[in-house]
Amino acid sequence: MRLTRSGVATGFIVVLALWLGSLVTSALPDPDDVYDQPFVTKASVNQEVEIRTAKLNVTGVRSGPEFQYATFVDGQAVNGTSTIAATTAIWLVIDITYEPTGQTSSLQGLRVKAADGRLFGADSVTIPCGPTQPGMALNCAIPFEVPKDALAGAHLLVPAAGLVDAADSLADIDLGIDAAEATTLGAATERQMIDPKPAGEG
Amino acid sequence: MGDERPATDEPAKPANARLERAKKGYSLVSDIFTPTRLLVLLAVLILLPVSLWGGLDAVAETPEDLPTVDAWEALETNPLTITPTKFLYGDSINGVLSEQIGARYLFLAVDVTNTSDAPVSSTLLTSSLTLGAQQLKTTFLHSGKLAPPVAYRINDGLQLGALQPDVTVPVLLVWQQNSAVPAPAEVEVTASSWTWRADSLTGSLGWRDQTPEVLTTLPLTPAGDA
(Lines give C-alpha, C1' and ligand atoms only; values in the text may rest on other atoms or scores of the structure.)
Protein backbone atom coordinates (compact mmCIF):
# COMPACT_ATOMS: atom_id res chain seq x y z
CA MET A 1 0.00 0.00 0.00
CA ARG A 2 1.32 3.40 -0.91
CA LEU A 3 1.23 6.22 1.64
CA THR A 4 -0.14 9.48 0.36
CA ARG A 5 0.00 12.87 2.00
CA SER A 6 -3.78 13.04 2.29
CA GLY A 7 -3.87 9.53 3.83
CA VAL A 8 -1.26 10.42 6.47
CA ALA A 9 -3.08 13.68 7.22
CA THR A 10 -6.38 11.85 7.61
CA GLY A 11 -4.81 9.32 9.97
CA PHE A 12 -3.21 12.09 12.01
CA ILE A 13 -6.51 13.98 12.26
CA VAL A 14 -8.36 10.81 13.37
CA VAL A 15 -5.77 10.06 16.10
CA LEU A 16 -5.82 13.70 17.23
CA ALA A 17 -9.64 13.68 17.41
CA LEU A 18 -9.61 10.48 19.46
CA TRP A 19 -7.05 11.96 21.85
CA LEU A 20 -9.05 15.17 22.25
CA GLY A 21 -12.20 13.13 22.79
CA SER A 22 -10.55 11.14 25.57
CA LEU A 23 -9.37 14.37 27.20
CA VAL A 24 -12.90 15.79 27.16
CA THR A 25 -14.36 12.54 28.50
CA SER A 26 -11.88 12.38 31.37
CA ALA A 27 -12.53 16.02 32.27
CA LEU A 28 -16.31 15.58 32.46
CA PRO A 29 -17.75 14.48 35.82
CA ASP A 30 -18.70 10.85 36.10
CA PRO A 31 -22.38 10.30 36.95
CA ASP A 32 -21.34 8.18 39.94
CA ASP A 33 -19.21 11.06 41.28
CA VAL A 34 -22.06 13.56 41.36
CA TYR A 35 -25.07 11.32 42.04
CA ASP A 36 -25.26 12.07 45.77
CA GLN A 37 -23.58 15.47 45.78
CA PRO A 38 -25.27 18.74 46.79
CA PHE A 39 -26.03 21.44 44.20
CA VAL A 40 -23.69 24.20 45.30
CA THR A 41 -24.27 27.92 44.83
CA LYS A 42 -21.21 30.00 45.68
CA ALA A 43 -21.34 33.47 47.19
CA SER A 44 -19.35 35.86 49.33
CA VAL A 45 -20.01 38.28 52.20
CA ASN A 46 -22.71 40.89 51.45
CA GLN A 47 -23.86 38.97 48.39
CA GLU A 48 -27.40 37.58 48.52
CA VAL A 49 -27.66 33.93 47.57
CA GLU A 50 -30.79 31.86 47.04
CA ILE A 51 -31.09 28.17 47.88
CA ARG A 52 -34.14 25.95 47.40
CA THR A 53 -35.78 26.99 50.65
CA ALA A 54 -34.50 30.49 51.45
CA LYS A 55 -32.64 33.65 50.56
CA LEU A 56 -29.47 34.32 52.56
CA ASN A 57 -27.01 37.12 52.98
CA VAL A 58 -23.95 36.96 55.23
CA THR A 59 -23.45 40.54 56.35
CA GLY A 60 -20.36 40.16 58.50
CA VAL A 61 -18.16 38.09 60.80
CA ARG A 62 -16.93 38.86 64.31
CA SER A 63 -15.36 36.87 67.13
CA GLY A 64 -14.72 36.68 70.84
CA PRO A 65 -13.88 34.35 73.72
CA GLU A 66 -17.53 34.58 74.90
CA PHE A 67 -20.94 35.33 73.47
CA GLN A 68 -24.14 36.35 75.19
CA TYR A 69 -27.45 35.29 73.68
CA ALA A 70 -30.32 37.34 75.01
CA THR A 71 -33.09 39.77 74.22
CA PHE A 72 -31.48 43.19 74.60
CA VAL A 73 -33.33 46.43 75.32
CA ASP A 74 -31.25 49.60 75.21
CA GLY A 75 -28.11 47.48 75.27
CA GLN A 76 -29.13 45.60 78.42
CA ALA A 77 -30.10 41.93 78.50
CA VAL A 78 -33.67 41.40 79.65
CA ASN A 79 -33.75 39.40 82.88
CA GLY A 80 -34.18 35.66 82.44
CA THR A 81 -33.34 35.58 78.73
CA SER A 82 -29.57 35.42 78.84
CA THR A 83 -27.15 32.62 78.03
CA ILE A 84 -23.41 33.25 78.22
CA ALA A 85 -21.09 30.76 76.56
CA ALA A 86 -17.30 30.61 76.88
CA THR A 87 -14.64 28.66 75.03
CA THR A 88 -10.98 27.73 75.19
CA ALA A 89 -10.82 28.42 71.43
CA ILE A 90 -12.74 31.30 69.77
CA TRP A 91 -16.39 31.95 68.92
CA LEU A 92 -16.68 32.90 65.26
CA VAL A 93 -20.01 34.74 65.08
CA ILE A 94 -21.53 35.02 61.61
CA ASP A 95 -24.20 37.67 61.02
CA ILE A 96 -26.68 36.45 58.45
CA THR A 97 -30.02 37.57 57.06
CA TYR A 98 -32.36 34.64 56.57
CA GLU A 99 -35.62 34.73 54.60
CA PRO A 100 -37.57 31.52 53.90
CA THR A 101 -39.14 31.45 50.44
CA GLY A 102 -41.52 28.49 50.51
CA GLN A 103 -42.82 27.85 53.99
CA THR A 104 -42.21 28.78 57.61
CA SER A 105 -38.84 27.42 58.62
CA SER A 106 -35.68 27.86 60.67
CA LEU A 107 -32.04 28.11 59.67
CA GLN A 108 -30.50 24.73 60.54
CA GLY A 109 -27.54 22.48 59.89
CA LEU A 110 -24.98 25.19 59.13
CA ARG A 111 -21.31 24.27 59.00
CA VAL A 112 -18.11 26.28 58.83
CA LYS A 113 -15.64 24.56 56.54
CA ALA A 114 -11.97 25.30 57.25
CA ALA A 115 -9.47 25.61 54.42
CA ASP A 116 -8.13 22.14 55.30
CA GLY A 117 -11.60 20.55 55.08
CA ARG A 118 -12.48 20.33 58.78
CA LEU A 119 -16.15 20.98 59.52
CA PHE A 120 -17.48 22.88 62.53
CA GLY A 121 -21.11 22.90 63.62
CA ALA A 122 -23.27 25.55 65.19
CA ASP A 123 -24.38 23.20 67.93
CA SER A 124 -21.71 23.49 70.63
CA VAL A 125 -24.34 25.72 72.16
CA THR A 126 -27.43 25.80 69.97
CA ILE A 127 -28.66 29.30 69.14
CA PRO A 128 -31.87 29.37 67.09
CA CYS A 129 -32.53 31.43 63.97
CA GLY A 130 -36.26 31.30 63.34
CA PRO A 131 -38.76 30.02 62.72
CA THR A 132 -39.85 32.88 60.49
CA GLN A 133 -42.42 33.27 57.74
CA PRO A 134 -41.83 33.29 53.97
CA GLY A 135 -40.95 36.81 52.88
CA MET A 136 -40.12 37.95 56.44
CA ALA A 137 -36.36 38.25 56.78
CA LEU A 138 -34.67 37.69 60.13
CA ASN A 139 -31.26 39.06 61.16
CA CYS A 140 -29.45 36.27 63.01
CA ALA A 141 -25.99 35.75 64.46
CA ILE A 142 -24.74 32.17 64.51
CA PRO A 143 -21.78 31.28 66.79
CA PHE A 144 -19.28 28.60 65.82
CA GLU A 145 -16.70 27.28 68.28
CA VAL A 146 -13.51 26.92 66.22
CA PRO A 147 -9.76 26.71 66.83
CA LYS A 148 -7.92 29.82 65.71
CA ASP A 149 -6.06 27.92 62.99
CA ALA A 150 -9.39 27.24 61.24
CA LEU A 151 -10.28 30.90 60.66
CA ALA A 152 -8.22 31.78 57.56
CA GLY A 153 -9.98 30.75 54.37
CA ALA A 154 -13.12 29.53 56.15
CA HIS A 155 -16.40 29.15 54.27
CA LEU A 156 -19.96 28.92 55.57
CA LEU A 157 -22.09 26.05 54.23
CA VAL A 158 -25.87 26.52 54.43
CA PRO A 159 -28.00 23.53 53.40
CA ALA A 160 -31.56 23.87 52.13
CA ALA A 161 -32.90 21.20 54.47
CA GLY A 162 -30.47 20.76 57.35
CA LEU A 163 -27.82 18.40 55.92
CA VAL A 164 -24.73 19.72 54.14
CA ASP A 165 -23.98 16.35 52.50
CA ALA A 166 -27.47 15.77 51.10
CA ALA A 167 -28.16 15.85 47.36
CA ASP A 168 -29.95 19.17 47.72
CA SER A 169 -29.37 22.87 47.31
CA LEU A 170 -26.38 24.21 49.31
CA ALA A 171 -24.92 27.71 49.67
CA ASP A 172 -21.12 27.88 49.94
CA ILE A 173 -20.25 31.37 51.19
CA ASP A 174 -16.65 32.57 51.29
CA LEU A 175 -16.31 34.47 54.57
CA GLY A 176 -13.42 36.52 53.17
CA ILE A 177 -11.08 35.83 56.09
CA ASP A 178 -7.46 36.19 54.97
CA ALA A 179 -4.44 35.53 57.20
CA ALA A 180 -4.37 39.08 58.61
CA GLU A 181 -8.11 39.05 59.33
CA ALA A 182 -7.73 35.62 60.94
CA THR A 183 -5.08 36.99 63.29
CA THR A 184 -7.36 39.88 64.26
CA LEU A 185 -10.36 37.60 64.79
CA GLY A 186 -8.28 35.13 66.78
CA ALA A 187 -7.02 37.84 69.13
CA ALA A 188 -10.48 39.30 69.87
CA THR A 189 -11.24 39.70 73.57
CA GLU A 190 -14.72 41.26 73.64
CA ARG A 191 -17.89 39.33 74.45
CA GLN A 192 -20.15 39.16 71.39
CA MET A 193 -23.88 39.90 71.72
CA ILE A 194 -26.45 37.81 69.89
CA ASP A 195 -30.07 38.92 69.61
CA PRO A 196 -32.08 37.71 66.58
CA LYS A 197 -34.33 40.46 65.23
CA PRO A 198 -36.54 40.97 62.18
CA ALA A 199 -34.53 42.61 59.38
CA GLY A 200 -34.79 46.37 59.62
CA GLU A 201 -34.90 46.48 63.43
CA GLY A 202 -31.87 47.59 65.48
CA MET B 1 -28.31 -55.94 31.86
CA GLY B 2 -28.96 -59.28 33.50
CA ASP B 3 -25.26 -59.59 34.42
CA GLU B 4 -25.35 -56.45 36.58
CA ARG B 5 -27.94 -57.54 39.22
CA PRO B 6 -25.77 -60.04 41.15
CA ALA B 7 -22.94 -57.44 41.24
CA THR B 8 -25.12 -54.83 43.07
CA ASP B 9 -26.66 -57.32 45.55
CA GLU B 10 -23.41 -58.86 46.77
CA PRO B 11 -22.05 -56.03 49.05
CA ALA B 12 -25.42 -55.64 50.80
CA LYS B 13 -25.10 -58.89 52.66
CA PRO B 14 -22.28 -57.89 55.09
CA ALA B 15 -23.94 -54.50 55.76
CA ASN B 16 -27.23 -56.14 56.59
CA ALA B 17 -25.40 -58.53 58.87
CA ARG B 18 -23.71 -55.67 60.74
CA LEU B 19 -27.06 -53.88 61.10
CA GLU B 20 -28.65 -57.05 62.48
CA ARG B 21 -25.80 -57.47 64.98
CA ALA B 22 -26.15 -53.80 66.05
CA LYS B 23 -29.90 -54.20 66.51
CA LYS B 24 -29.33 -57.34 68.56
CA GLY B 25 -26.72 -55.61 70.71
CA TYR B 26 -28.92 -52.52 71.27
CA SER B 27 -31.88 -54.73 72.23
CA LEU B 28 -29.86 -55.91 75.24
CA VAL B 29 -29.56 -52.31 76.63
CA SER B 30 -32.53 -50.60 75.03
CA ASP B 31 -34.47 -50.54 78.30
CA ILE B 32 -31.70 -48.39 79.84
CA PHE B 33 -30.44 -46.34 76.85
CA THR B 34 -33.73 -45.12 75.44
CA PRO B 35 -33.51 -42.61 72.56
CA THR B 36 -34.49 -39.77 74.95
CA ARG B 37 -31.78 -40.73 77.45
CA LEU B 38 -29.24 -40.99 74.64
CA LEU B 39 -30.10 -37.42 73.50
CA VAL B 40 -29.73 -36.13 77.07
CA LEU B 41 -26.36 -37.89 77.37
CA LEU B 42 -25.23 -36.33 74.07
CA ALA B 43 -26.25 -32.88 75.27
CA VAL B 44 -24.34 -33.37 78.54
CA LEU B 45 -21.25 -34.53 76.64
CA ILE B 46 -21.37 -31.34 74.52
CA LEU B 47 -22.21 -28.83 77.26
CA LEU B 48 -19.81 -30.19 79.89
CA PRO B 49 -16.54 -29.38 78.08
CA VAL B 50 -18.01 -26.11 76.72
CA SER B 51 -18.86 -24.95 80.24
CA LEU B 52 -15.53 -26.20 81.63
CA TRP B 53 -13.73 -23.92 79.15
CA GLY B 54 -15.93 -20.91 80.12
CA GLY B 55 -18.20 -20.93 77.08
CA LEU B 56 -21.31 -20.40 79.21
CA ASP B 57 -19.88 -17.54 81.28
CA ALA B 58 -21.43 -14.07 80.93
CA VAL B 59 -19.60 -12.00 78.36
CA ALA B 60 -17.13 -9.81 80.21
CA GLU B 61 -18.01 -6.12 80.01
CA THR B 62 -14.41 -5.11 80.38
CA PRO B 63 -11.83 -7.27 78.64
CA GLU B 64 -9.09 -8.13 81.10
CA ASP B 65 -6.31 -7.47 78.63
CA LEU B 66 -7.13 -3.79 77.98
CA PRO B 67 -4.12 -1.49 78.06
CA THR B 68 -4.02 0.60 81.23
CA VAL B 69 -2.67 4.08 81.83
CA ASP B 70 -1.75 5.81 85.07
CA ALA B 71 -4.28 7.99 86.85
CA TRP B 72 -4.77 11.45 85.27
CA GLU B 73 -3.05 10.46 82.02
CA ALA B 74 -4.83 10.99 78.70
CA LEU B 75 -7.17 8.24 77.52
CA GLU B 76 -6.57 8.06 73.77
CA THR B 77 -9.63 6.76 71.94
CA ASN B 78 -11.13 7.21 68.51
CA PRO B 79 -12.26 9.97 68.00
CA LEU B 80 -11.80 11.53 71.47
CA THR B 81 -8.81 12.24 73.70
CA ILE B 82 -10.09 12.35 77.28
CA THR B 83 -7.84 13.59 80.09
CA PRO B 84 -9.26 13.24 83.63
CA THR B 85 -8.40 16.19 85.85
CA LYS B 86 -10.49 15.67 89.02
CA PHE B 87 -12.69 12.94 90.47
CA LEU B 88 -14.85 13.94 93.43
CA TYR B 89 -18.04 12.97 95.18
CA GLY B 90 -20.52 15.19 96.94
CA ASP B 91 -24.15 15.97 97.61
CA SER B 92 -24.82 18.97 95.37
CA ILE B 93 -23.48 21.77 93.17
CA ASN B 94 -24.79 25.22 94.08
CA GLY B 95 -27.36 26.34 91.54
CA VAL B 96 -26.86 23.37 89.24
CA LEU B 97 -27.53 20.08 91.04
CA SER B 98 -29.57 19.95 94.23
CA GLU B 99 -29.14 17.44 97.04
CA GLN B 100 -31.18 14.26 96.64
CA ILE B 101 -32.15 11.87 99.43
CA GLY B 102 -30.50 8.49 99.16
CA ALA B 103 -27.97 9.43 96.49
CA ARG B 104 -24.59 11.06 96.14
CA TYR B 105 -23.07 12.59 93.01
CA LEU B 106 -19.83 11.44 91.41
CA PHE B 107 -18.14 14.28 89.52
CA LEU B 108 -15.50 13.42 86.93
CA ALA B 109 -13.83 16.48 85.38
CA VAL B 110 -12.15 15.81 82.03
CA ASP B 111 -10.55 17.77 79.21
CA VAL B 112 -11.94 16.42 75.95
CA THR B 113 -10.56 16.94 72.46
CA ASN B 114 -12.30 15.74 69.32
CA THR B 115 -9.52 14.46 67.02
CA SER B 116 -11.77 13.82 64.01
CA ASP B 117 -12.45 16.38 61.27
CA ALA B 118 -16.15 16.97 62.01
CA PRO B 119 -18.35 17.74 65.03
CA VAL B 120 -19.06 14.85 67.40
CA SER B 121 -22.18 14.53 69.52
CA SER B 122 -21.91 14.86 73.31
CA THR B 123 -23.57 11.44 73.68
CA LEU B 124 -20.49 9.87 72.13
CA LEU B 125 -18.46 11.16 75.09
CA THR B 126 -21.02 10.17 77.73
CA SER B 127 -21.33 6.69 76.19
CA SER B 128 -17.57 6.29 75.93
CA LEU B 129 -16.80 6.34 79.65
CA THR B 130 -17.84 3.52 81.97
CA LEU B 131 -17.27 3.56 85.73
CA GLY B 132 -16.60 0.36 87.63
CA ALA B 133 -18.64 1.50 90.64
CA GLN B 134 -21.66 -0.12 92.25
CA GLN B 135 -25.28 1.02 92.01
CA LEU B 136 -24.74 3.94 89.66
CA LYS B 137 -27.51 5.83 87.98
CA THR B 138 -27.80 9.05 86.06
CA THR B 139 -29.51 12.12 87.39
CA PHE B 140 -32.46 11.01 85.25
CA LEU B 141 -32.77 7.86 87.38
CA HIS B 142 -31.78 5.22 84.84
CA SER B 143 -30.18 2.42 86.77
CA GLY B 144 -27.37 0.07 85.82
CA LYS B 145 -23.62 -0.05 85.58
CA LEU B 146 -23.57 1.41 82.08
CA ALA B 147 -25.76 4.40 82.92
CA PRO B 148 -24.43 7.37 80.89
CA PRO B 149 -23.58 10.50 82.85
CA VAL B 150 -24.89 14.02 82.36
CA ALA B 151 -22.28 16.38 80.87
CA TYR B 152 -21.75 20.09 81.53
CA ARG B 153 -19.27 22.54 80.01
CA ILE B 154 -17.11 23.67 82.93
CA ASN B 155 -16.23 27.09 81.47
CA ASP B 156 -19.84 28.29 81.22
CA GLY B 157 -21.96 25.72 83.10
CA LEU B 158 -24.09 24.94 80.01
CA GLN B 159 -25.07 21.40 79.07
CA LEU B 160 -22.53 19.97 76.67
CA GLY B 161 -23.49 20.15 73.00
CA ALA B 162 -21.33 19.01 70.10
CA LEU B 163 -17.56 18.67 70.40
CA GLN B 164 -15.74 20.50 67.62
CA PRO B 165 -12.54 19.28 65.92
CA ASP B 166 -9.32 20.24 67.71
CA VAL B 167 -11.12 22.27 70.41
CA THR B 168 -10.36 21.11 73.95
CA VAL B 169 -13.42 21.46 76.18
CA PRO B 170 -13.28 21.07 79.98
CA VAL B 171 -16.31 18.93 80.81
CA LEU B 172 -17.90 17.84 84.08
CA LEU B 173 -19.48 14.37 83.90
CA VAL B 174 -22.02 13.62 86.62
CA TRP B 175 -23.27 10.24 87.81
CA GLN B 176 -25.39 9.42 90.84
CA GLN B 177 -24.69 6.55 93.20
CA ASN B 178 -26.85 5.00 95.88
CA SER B 179 -25.58 6.55 99.12
CA ALA B 180 -26.23 3.30 100.99
CA VAL B 181 -23.17 1.97 99.16
CA PRO B 182 -19.94 3.30 100.69
CA ALA B 183 -18.10 5.72 98.40
CA PRO B 184 -15.22 3.77 96.85
CA ALA B 185 -11.66 4.94 97.45
CA GLU B 186 -10.85 4.44 93.77
CA VAL B 187 -12.81 3.62 90.65
CA GLU B 188 -11.86 1.85 87.45
CA VAL B 189 -12.71 3.94 84.36
CA THR B 190 -12.97 2.34 80.92
CA ALA B 191 -12.85 4.48 77.79
CA SER B 192 -14.16 3.19 74.47
CA SER B 193 -13.35 3.82 70.83
CA TRP B 194 -15.80 3.98 67.92
CA THR B 195 -15.68 3.29 64.19
CA TRP B 196 -16.99 5.76 61.60
CA ARG B 197 -18.96 3.71 59.09
CA ALA B 198 -22.21 3.48 57.18
CA ASP B 199 -25.15 1.66 58.71
CA SER B 200 -25.65 -1.62 56.88
CA LEU B 201 -29.41 -1.10 56.62
CA THR B 202 -29.91 2.63 56.10
CA GLY B 203 -26.51 3.61 54.69
CA SER B 204 -26.33 6.58 57.07
CA LEU B 205 -22.85 7.40 58.35
CA GLY B 206 -22.15 7.50 62.07
CA TRP B 207 -19.88 6.48 64.93
CA ARG B 208 -20.69 2.83 65.64
CA ASP B 209 -19.21 -0.38 67.07
CA GLN B 210 -18.23 0.75 70.58
CA THR B 211 -15.07 -1.07 71.64
CA PRO B 212 -13.38 -0.75 75.06
CA GLU B 213 -9.98 0.81 74.35
CA VAL B 214 -8.14 1.80 77.52
CA LEU B 215 -8.46 1.50 81.28
CA THR B 216 -7.40 3.68 84.17
CA THR B 217 -7.99 3.72 87.93
CA LEU B 218 -8.76 7.06 89.54
CA PRO B 219 -8.79 7.93 93.25
CA LEU B 220 -12.15 9.31 94.38
CA THR B 221 -12.10 12.04 97.00
CA PRO B 222 -14.81 14.02 98.82
CA ALA B 223 -15.64 17.33 97.14
CA GLY B 224 -14.82 19.18 100.36
CA ASP B 225 -11.20 17.98 100.14
CA ALA B 226 -10.66 19.27 96.58
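Note that these values count all heavy atoms, side chains included, but never hydrogens, waters or copies made by symmetry. Every value quoted in this text rests on a predicted model; they were computed, and no experiment measured them. Reminder, nothing fancy here: chain letters follow the sequence lines and each chain counts from 1.
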Do any of residues 42-56 of chain A come closer than 4.5 Å to chain B, heavy atom to heavy atom, and if so which ones, in number order?
none

Note: B:Ala118 and B:Pro165 closest approach over all heavy atoms is N-CG, 3.4 Å

One option among A:Ala150, A:Ala89, A:Pro147 has the most heavy-atom pairs under 4.5 Å with chain B, and it is A:Pro147

Return the set of residues passing side chain to side chain donor-acceptor pair (under 3.5 Å) with A:Asn57 (not counting sequence neighbours), or none when no residue passes.
none

So which heavy atom on A:Thr97 is nearest to which on A:Ala137, and how close?
CG2-CB, 3.8 Å

Heavy-atom pair with the smallest gap, counting every atom of A:Asp95 and A:Ala141:
OD1-CB, 3.4 Å

Apply side chain to side chain contact (heavy atoms under 4.5 Å, CB included) to the pair A:Ile94 and A:Val112, showing each step before the final yes or no.
CA-CA 10 Å; A:Ile94 299 178; A:Val112 162; 3.9 Å; yes

Cross-interface N/O pairs, chain A with chain B, donor-acceptor, under 3.5 angstrom:
residue: A:Ala86; atom: N; partner: B:Asp156; partner atom: OD2; Å: 2.9
residue: A:Ala86; atom: O; partner: B:Arg153; partner atom: NH2; Å: 2.7
residue: A:Thr88; atom: OG1; partner: B:Thr168; partner atom: O; Å: 2.5
residue: A:Arg118; atom: NH1; partner: B:Asp166; partner atom: OD2; Å: 2.6
residue: A:Leu119; atom: N; partner: B:Asp117; partner atom: O; Å: 2.9
residue: A:Gly121; atom: N; partner: B:Gln164; partner atom: OE1; Å: 2.9
residue: A:Gly121; atom: O; partner: B:Gln164; partner atom: NE2; Å: 3.2
residue: A:Asp123; atom: O; partner: B:Ala162; partner atom: N; Å: 3.0
residue: A:Ser124; atom: O; partner: B:Gly161; partner atom: N; Å: 3.4
residue: A:Ser124; atom: OG; partner: B:Gln164; partner atom: NE2; Å: 2.9
residue: A:Glu145; atom: OE1; partner: B:Arg153; partner atom: NH1; Å: 3.4
residue: A:Glu145; atom: OE2; partner: B:Arg153; partner atom: NH2; Å: 3.2

A:Ile127 side chain reached by A:Ile142 side chain, heavy atoms, under 4.5 Å
no

Interatomic distance, A:Asp195 atom CG to A:Asn139 atom CG [nearest 0.5 angstrom]
10.5 Å

Just checking heavy atoms, which of residues 9-19 of chain A are less than 4.5 Å from chain B?
none

Does one side chain, of A:Tyr98 or A:Ser106, offer a donor that lies under 3.5 Å from an acceptor on the other?
no

Evaluate the criterion side chain to side chain contact (heavy atoms under 4.5 Å, CB included) for residue pair B:Leu125 and B:Leu163; output intermediate values, then yes/no.
CA-CA 9 Å; B:Leu125 169 67; B:Leu163 293 155; 4.1 Å; yes

Distance check, rounded to the nearest 0.5 Å: A:Phe120 atom CZ versus A:Leu110 atom CG?
15.0 Å

On a heavy-atom basis, the closest approach of B:Phe107 and B:Gly90 is CE1-N, 3.8 Å

For a 4.5 angstrom cut-off between non-hydrogen side-chain atoms, does B:Leu160 reach B:Val169?
yes

Measure across B:Leu158 and A:Ala85 and return the closest heavy-atom pair with its distance rounded to 0.1 Å.
CD1-CB, 3.8 Å

